[in-house]
Amino acid sequence: MTFDITRRQALAGAAALALASAVPALAQDKPKLRFSAVFSEQDIRAEMMKMFDDAIKDDFAFEGYYGGNLFKQGTELVALQRGNLEMGNIAPQDISKQIPAWSILTAGYLFRDAAHLKAFFASEAGAEMKKMAEDQLGIVILGPTYFGVRQVGLKPEKEIKTPADMAGIKLRMPGGDAWQFLGEALGANPTPMAYAEVYTGLQTGAIDGQDNPLPNVENMKFYEVMSQIVLTSHLVGFDLLVVSKKVWDEMGAEKQARFQAAADKAIDFSTEKHLAHEKELVENFKAKGLKIYEPDVAAFRESVQEKYLASDLAKEWPEGMVDKINAL
């Protein structure tokens, strides 16, 4: 059997092969986005990032790392600044280590709820704080990732009504001055400990308690080594979804708009799911045998706010920012 192949046919075949081989090469040429977070792959925010990834997959090659597997808690910001990471889920407390004015956004009883938090970051006051981070740290804040209101969870059965009852309680708080100050403001003896070590710390008695939103308590199974949850509602928990300014600037306006829209949609999804889940978890934890109750929240709020306003931290806060936040 013989084949009669013309020169035109041969050229067409070669062109088709060249195009086919170029497709994977083009896919590989998409900019890589390494994302690091301390939350687990079972977290709602991991679903958020999968939604985000799906929305940007035509523009970027997203790589998600969870559970602190790529960078440990508190080290992600420096990794971004050094060019070792393109995206991260950054705690405002970590930003405040480098920009003291940002400590205002870590203060207890500052934001009322998730809606208030979102309204702030969409406001002129929020834009002022975001620009401060962009100019000084080289990161672009896409939005706040709400993950629940922080509550106090304890292994001891001591009843807590006011901050005075927290005296002597070894309360795990993340490392850093802003976190430690919050623990002190609650009346406890704050103990820095990595997030991944909290379960064992509660189990062995190295700590008496921890403060986290209810979804985190569920994800990390802290309820297995606690006797009670005190609904202090002392901090609207949020981190910040950020991207390196270098990466952002290289996108161009059209790609930036798609990127921001994808982040907005994913963040809204995560917030709504967290709010619904928080309501369910109170009853779920009661069914597991935990005592759950509300202390004198007004007493906690008054004590905590007084301590913040009298602290050195407040001296660094932008003038009039508290009033701007309260007015929203």
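Quick note: numbers below take in every heavy atom, side chains included, and nothing from hydrogens, waters or symmetry partners.
- S303 contributes no side-chain N or O that, together with a main-chain N or O of A299, makes up a donor-acceptor pair within less than 3.5 Å.
- Applying the side-chain hydrogen bond (donor to acceptor under 3.5 Å, both in side chains) test to pairs two or more places apart or on separate chains, those with a residue in residues 58-70 are D59-R258, E63-Y65.
- Taking a 6.0 Å sphere around NZ of K57, one finds it holds 12 or fewer heavy atoms contributed by other residues, nucleotides or ligands.
- E218 and H277 form a side-chain donor-acceptor contact under 3.5 Å, judged by distance and modelled atom types alone.
- Taking CD1 of I229 as the reference point, atom CG of L154 lies at 9.5 Å (rounded to 0.5 Å).
- Side-chain contact between L186 and V304 is present, with at least one heavy-atom pair separated by less than 4.5 Å.
- Other residues, nucleotides and ligands place more than 12 heavy atoms under 6.0 Å from the NZ atom of K158.
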For this session: Check the pair L105, I325 against side-chain contact (heavy atoms from CB on, under 4.5 Å), reporting the backbone distance first and the verdict last.
Result: CA-CA 10 Å; L105 301 185; I325 292 173; 4.1 Å; yes
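- When all heavy atoms are compared, the tightest approach of R172 to N212 is NH1-ND2, 4.1 Å.
- Among residues at least two apart or in separate chains, salt bridge (charged side-chain N to carboxylate O under 4.0 Å, His left out) pairs with a member in residues 64-93 are R34-E86.
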For this session: Take E47 and R45, measure what salt bridge (charged side-chain N to carboxylate O under 4.0 Å, His left out) needs, and give me the verdict at the end.
Result: CA-CA 5 Å; E47 293 182 57; R45 290 166 293 174; over 6 Å; no
Problem set entry | side chain to side chain donor-acceptor pair (under 3.5 Å) between Q98 and Q81, intermediate numbers included | CA-CA 12 Å; Q98 297 190 44; Q81 292 172 304; 3.0 Å; yes
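- For the pair E294 and L231, the tightest heavy-atom approach, listed with the atom from each and the gap, is CG-O, 3.8 Å.
- Salt-bridge check for K97 with D94: passed, with a basic side-chain N closer than 4.0 Å to an acidic carboxylate O.
- When the shell of 6.0 Å around CG of N84 is examined, it contains more than 12 heavy atoms from other residues, nucleotides or ligands.
- Remark: D165 does not engage K161 in a salt bridge, criterion side-chain N to carboxylate O under 4.0 Å.
- Considering every non-hydrogen atom in both S244 and L80, the closest pair reads N-CD2, 4.0 Å.
- Although no hydrogens or angles enter the test, the distance criterion places a donor-acceptor pair under 3.5 Å between the side chain of Q256 and the main chain of W248.
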Exercise. Are D264 and Q260 close enough, and set up right, to give a side-chain contact (heavy atoms from CB on, under 4.5 Å), and what steps lead you there?
Worked result: CA-CA 6 Å; D264 291 342; Q260 183 65 65; 2.8 Å; yes
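- Put simply, the side chain of S103 gets close to the backbone of P100: a donor and an acceptor are under 3.5 Å apart.
- When ring centroids are compared, F71 and F35 stay outside the 6.0 Å threshold.
- Atoms CG and CD1, from D239 and I95 in turn, are 9.5 Å apart once rounded to the nearest 0.5 Å.
- With 3.5 Å as the limit, one finds no donor-acceptor pair spanning the side chains of E159 and Y293.
- With side-chain heavy atoms closer than 4.5 Å counting as contact, directly or through intermediates, V78 stands alone and belongs to no larger hydrophobic cluster.
- In the model, S311 has no side-chain atom that pairs as donor or acceptor with a side-chain atom of K307 under 3.5 Å.
- Contact detail for W179 and G175: the closest heavy-atom pair is CD1-O, 3.4 Å.
- Using a cutoff of 4.0 Å between basic side-chain nitrogens and carboxylate oxygens, K155 and D208 are not scored as salt-bridged.
- Using the six-membered ring where Trp is involved, Y308 and F181 have ring planes that are perpendicular, over 60° apart on the 30 and 60° scheme.
- The aromatic rings of F121 and W102 sit tilted relative to each other, their planes meeting at an angle between 30° and 60°.
- Q203 is not listed as a side-chain neighbour of F222, based on a closest heavy-atom distance of 4.5 Å or more.
- Expressed to the nearest 0.5 Å, how far CE of M226 lies from NZ of K291 amounts to 13.5 Å.
- Listed here is the closest heavy atom pair of V247 and F60: CG1-CE2, 4.4 Å.
- Atom CD1 of I292 is separated from atom CD of E283 by 7.5 Å, given to the nearest 0.5 angstrom.
- Side-chain polar atoms of S36 and N89 form no donor-acceptor pair below 3.5 angstrom.
- No close placement of the Y146 and F238 rings is indicated, their centers lying 6.0 Å or farther apart.
- For E128, the salt bridge (Lys or Arg N to Asp or Glu O under 4.0 Å) partners at least two apart in sequence or on another chain are K324.
- Not a single ring pair (Phe, Tyr, Trp, His ring centres under 6.0 Å) links F300 to another residue, sequence neighbours left out.
- A distance-only check finds no donor-acceptor pair linking the side chain of T200 to the backbone of E197 [under 3.5 Å].
- The side-chain heavy atoms of D43 and P215, taken from C-beta on, include no pair separated by under 4.5 Å.
- Checked for salt-bridge contact, D268 and K118 meet the test: a charged N lies under 4.0 Å from a carboxylate O.
- In this structure, L142 and M87 have side chains that are in contact, with non-hydrogen atoms separated by less than 4.5 Å.
- Shown here are the ring pair (Phe, Tyr, Trp, His ring centres under 6.0 Å) partners of H116, two or more places apart in sequence or in another chain: F111.
- For the atom pair CG (N189) and CD (Q180), the distance works out to 9.0 Å, reported to the nearest 0.5 Å.
- Counting only heavy atoms from C-beta outward, the side chains of I139 and V243 never approach each other to under 4.5 Å.
- Nearest heavy-atom pair, S96 versus A178, reported as atom, atom and distance to 0.1 Å: OG-CB, 3.8 Å.
- In this structure a side-chain-to-backbone donor-acceptor pair under 3.5 Å is present from E278 to V149.
- Atom CG of N219 and atom CG of L214 lie 11.0 Å apart (nearest 0.5 Å).
- Remark: side-chain polar atoms of R150 are paired, donor with acceptor, to backbone N or O of D211 under 3.5 angstrom.
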